[in-house]
Structures are given as C-alpha cells and as structure tokens.
Amino acid sequence: MMLQNSPKPHAELILAWYDRHHRELPWRVSPSSAKAGKSADPYHIWLSEVMLQQTTVQAVKPYFNKFLSLWPSVNDLAAAPVEDVMAAWAGLGYYARARNLKKCAEAVAAGHGGKFPDTEAGLRALPGIGDYTAAAVAAIAFKRQAAVMDGNIERVVSRLYAIDAPLPGSKPLMKAKVVELTPPDRPGDFAQAMMDLGATICTPKRPTCALCPFRDVCLAFAEHDPERFPVKAAKKEKPVRQGAAFVAVTPDGEVLLRRRVNSGLLGGMTEVPTTAWTSRLDGGTTTQHAPFAAAWEPCGTVVHVFTHFELRLSVFRARTSRVESTDGWWEPVTSLDAQALPTVMKKAISQAVPLAFAPAKP
DNA sequence: TACCCGTGGTA
DNA sequence: TTACCAAGGGT
C-alpha cells in the first residue's frame, strides 16, 4: 500500500517559488549565488533595510547605489559629516532615519569594531533598528531563525489564515503564525520570499492568486475575496495647515537658506525662511512674518502632502541685497542640488525661481 | 497606546 | 482626482 503524500509545509512551497521567481535587487544575494558560496554583506543589508522602511524598492535603488559609492563601508559612513549624509538622503523622506543611520554607523564602528552584531537582540539595541529591521538583518545577513514581520508579510499571513481581527491589534497573532512558518535552514530567503510574494503576487489590490504558491492552502482564496484582508482599523482624515515661504534672491543669484532644528518635522534639513504652519493664517498680512522687510511679491502656492497633514504654502519672492542674517546663509542657486533640501522646499524654491533645479532625470 | 514622521507611484 | 499605501521607528 502506498504511503499517502503529506501536504508540503508552507515554507517549502514558498521557498520553491522564490528559487524560481525572486527579484534581482542590488543588495540581494540570489539563492543560486548563495549556493555558489556568496554571502550577504551585513552593511549592505542593513543600509537597504533602513532605506526600505515605508519606502518602495523603486525609490530606494538609486539612493542605495549612491550611498555605497560615497561610503563603501560602515566605517566610511561613520566618519562622514552628518550634513553630507542628510544631503545625500534628501528626497527619500523620514529624515530621522538618516540621523539614526549615522548614529548607528558610529555605534558599529566605535563600539563593535566595525562589525554589526550578529544576533537579533544585539541589532535591536542600535539606533534606527526596530523589531522588523533587527529580524530582517539577523535572518538575511546572519542566517538567524528570526521571524520577520512587515506590511507585506502581514498581508500574506492575514490572507493565508483569513484573519478577521483588524490591524494593528492582530499583530501578535500574525507574529505567532510567522514564528511557526519560519524554517530553520533558510530564514532569510523565507522572509525575502514572503516580501517578494506580497510585492508581486499577493498585492493589496487585485492579487494574482492564479500564480501564487499558496493558492491551494490559502483560506482567503478559498473564500473568494482575498482583497478583504488585511482588515484595518479606520483612519483619521488629514487636517490642512497653511503657511508662507520666503525666497530672497540677490543680484548675484544667491538664496537665503536656514537649517531646521534637529528634531521633529524635516528635522536637521535645510529650508527657506517660512512662517509657522498652522491650521489657519494668523491675522494681518503674511509678509509681516517675512525674515526681513523687502518688496515681497506673491508667486503662487505650493501644496505638499505629509503623512498626517496637508500643507498649503504661499510662496513670496524678493530681489534684495545680501542682507545680514543671524540664523541663515546665502547659497548660490547653482549649488542648491548639494543642499539637504526636502522636496517641499525644492517645490517652494522652484515656484519662485523656476530654473533653480535641473530637470529630473527621465 | 497613539501619534508623529516624507515621498512618489498607482488605480 | 482622490485615496491608498510602501521591507517602520521613536516617543
């Protein structure tokens, strides 16, 4: 009598899929390369994981390559001026990540002899490394059996088990499922496989279930409505804030810039002088709040959407002499690209000086 | 715990 | 066009 085939474990199903369909990424060692003896560089894995926090692969790729070219090792990054790191990060968002990236590099260089800790707990203690990044680096770079949880994996797991409880309350349950699923032999590939599946097959909208290795075991597919998962708590609507930005230009083509405080919104980044951003404009004319008296001309409005509010910025321009500034400096328009200017500030400056920045690369 | 923290792509 | 949301962390 033939032995009945037992169903393949979930990890086996998705690892077989990953071996055939994994994405090629600049920081990734493919399964075939790993078989040939190549191992992941912890610095590359850490750098990519921090950049990938709430950020798409597409957006990260050019920044990852730029950082590796500027700072090939964690010791190079640790030795770099923080201003250079902020300028290189400009445009990627969530700028506390850049400040913590620098702190973490310094801790690894000074406290660990330039080597990253090779355990989840050791990594978790470093600046900018939370539960997700600690588990991901431990699993991918050091082959530790760490359970990696991110937005992709939450979606895959919530569908696999048709979890009705809403996020974020259901996170502990999902984590328990991932702990069960994570295999001891290829924990890093398993995590990357789950994330690749979430990014390419088990997508938020219109998942391609026909191509999914979990199709025959997925409870959400069996219910014919995978898009119902993950169930999430209702979110609040975004308030609107308003403010004014002042672009002062000298006849020599210099713009007055300031540096924002090191904490909070756009912390440590460069800006043009602005008013406070409040729920409504305070009384009086806006130009009363300009950095100095001048013939300020209105030149339109910039709208920029942050995570938790929408900003409507009235932009004013003035041609002025090189007024002395106590808390700022005059920067040639031609070197604005090297500044740590967040996107909202580039929008404001472009509104006042249309040719301030080179057109974006195609 | 709940809130704060950017940006750009997609449907 | 609006809404969603992407390899989350800090406080």
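What you see below is based on every heavy atom in this structure, not just the backbone, and it leaves out hydrogens, waters and symmetry mates. So you know, we letter chains A, B, ... as the sequences are listed, proteins then strands, and number each from 1.
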Whole-Å distance separating the [atom1] atom of [X] from the [atom2] atom of [N]:
X	N	atom1	atom2	value
A:Arg99	C:dT11	CZ	P	10 Å
A:Leu101	C:dG10	CG	P	12 Å
A:Lys238	C:dC4	NZ	P	9 Å
A:Phe309	B:dC5	CZ	P	7 Å
A:Glu154	C:dC4	CD	P	17 Å
A:Glu310	B:dC5	CD	P	16 Å
A:Gln53	C:dG9	CD	C1'	6 Å
A:Phe306	B:dG6	CZ	C1'	7 Å

Heavy atoms under 4.0 Å, any strand shown: does [X] hit a base, just sugar-phosphate, or nothing?
X	value
A:Val305	base
A:Lys236	sugar-phosphate
A:Ile140	nothing
A:Thr343	sugar-phosphate
A:Ala191	nothing
A:Leu92	base
A:Gly264	sugar-phosphate
A:Gly91	sugar-phosphate
A:Pro342	sugar-phosphate
A:Trp89	nothing

DNA chain C: A:Pro127 or A:Leu25, which has the more 5' nearest nucleotide?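 Counting from the 5' end, the first nearest nucleotide belongs to A:Leu25.
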If you find the nucleotide of DNA chain C closest to A:Arg155 and the one closest to A:Gly128, which residue's nucleotide is nearer the 5' end? A:Arg155
Residue from A:Arg186, A:His22, A:Arg23, A:Arg28 passing side-chain hydrogen bond (donor to acceptor under 3.5 Å, both in side chains) with A:Gln192: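 When side-chain hydrogen bond (donor to acceptor under 3.5 Å, both in side chains) is applied between A:Gln192 and each of A:Arg186, A:His22, A:Arg23, A:Arg28, only A:Arg28 qualifies.
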Heavy-atom count around [X] [atom1] within 6.0 Å, excluding the residue itself: above 12?
X	atom1	result
A:Lys66	NZ	yes
A:Lys143	NZ	no
A:Arg260	CZ	yes

Is there, by distance only and without an angle test, a donor paired with an acceptor across the side chain of A:Tyr94 and the base of B:dG6 below 3.5 Å?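 In this structure, the two groups form a donor-acceptor pair.
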Ignoring hydrogens and angles, answer whether the base of C:dG8 and the side-chain atoms of A:Thr133 contain a donor-acceptor pair closer than 3.5 Å. no
Evaluation steps, side-chain hydrogen bond (donor to acceptor under 3.5 Å, both in side chains), between A:His308 and A:Lys238: CA-CA 6 Å; A:His308 54 296; A:Lys238 281 184 185 175; over 6 Å; no
In whole Å, measure the gap between the C1' atoms of B:dC3 and C:dA7 for me. 22 Å
Pairwise P distance, C:dA3 and B:dG6 [rounded to whole Å]: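 Each nucleotide's P atom is 22 Å from the other's.
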Starting at the 5' end of DNA chain B, which residue's closest nucleotide do you reach first, A:Gln58 or A:Gly267?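 Upstream on the strand: A:Gly267.
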Using modelled atom types and a 3.5 Å cut-off, is there a donor and acceptor pairing between side-chain atoms of A:Asp76 and backbone atoms of A:Ser73?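 Side chain of A:Asp76 to backbone of A:Ser73, a donor-acceptor pair under 3.5 Å: yes, one is there.
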If you measure from CZ on A:Phe306 to CZ on A:Arg241, what distance do you get to the nearest 0.5 Å? 9.0 Å
Report the nucleotide, chosen from [options], that has the shortest atom-to-atom distance to any side-chain atom of [X].
X	options	result
A:Lys232	C:dC5, C:dA7, B:dG6	C:dC5
A:Lys235	C:dC4, C:dG10, B:dC5	C:dC4
A:Arg97	B:dG6, B:dT7, C:dA7	B:dG6

Checking N1-N3 plus N6-O4 or O6-N4 for Watson-Crick, or N1-O2 and O6-N3 for wobble, each under 3.5 Å, the partner of C:dA3 is B:dT10
Can you see if the side chain of A:His308 gets near the phosphate of B:dC3 - specifically, an N or O under 4.0 Å from OP1 or OP2? no
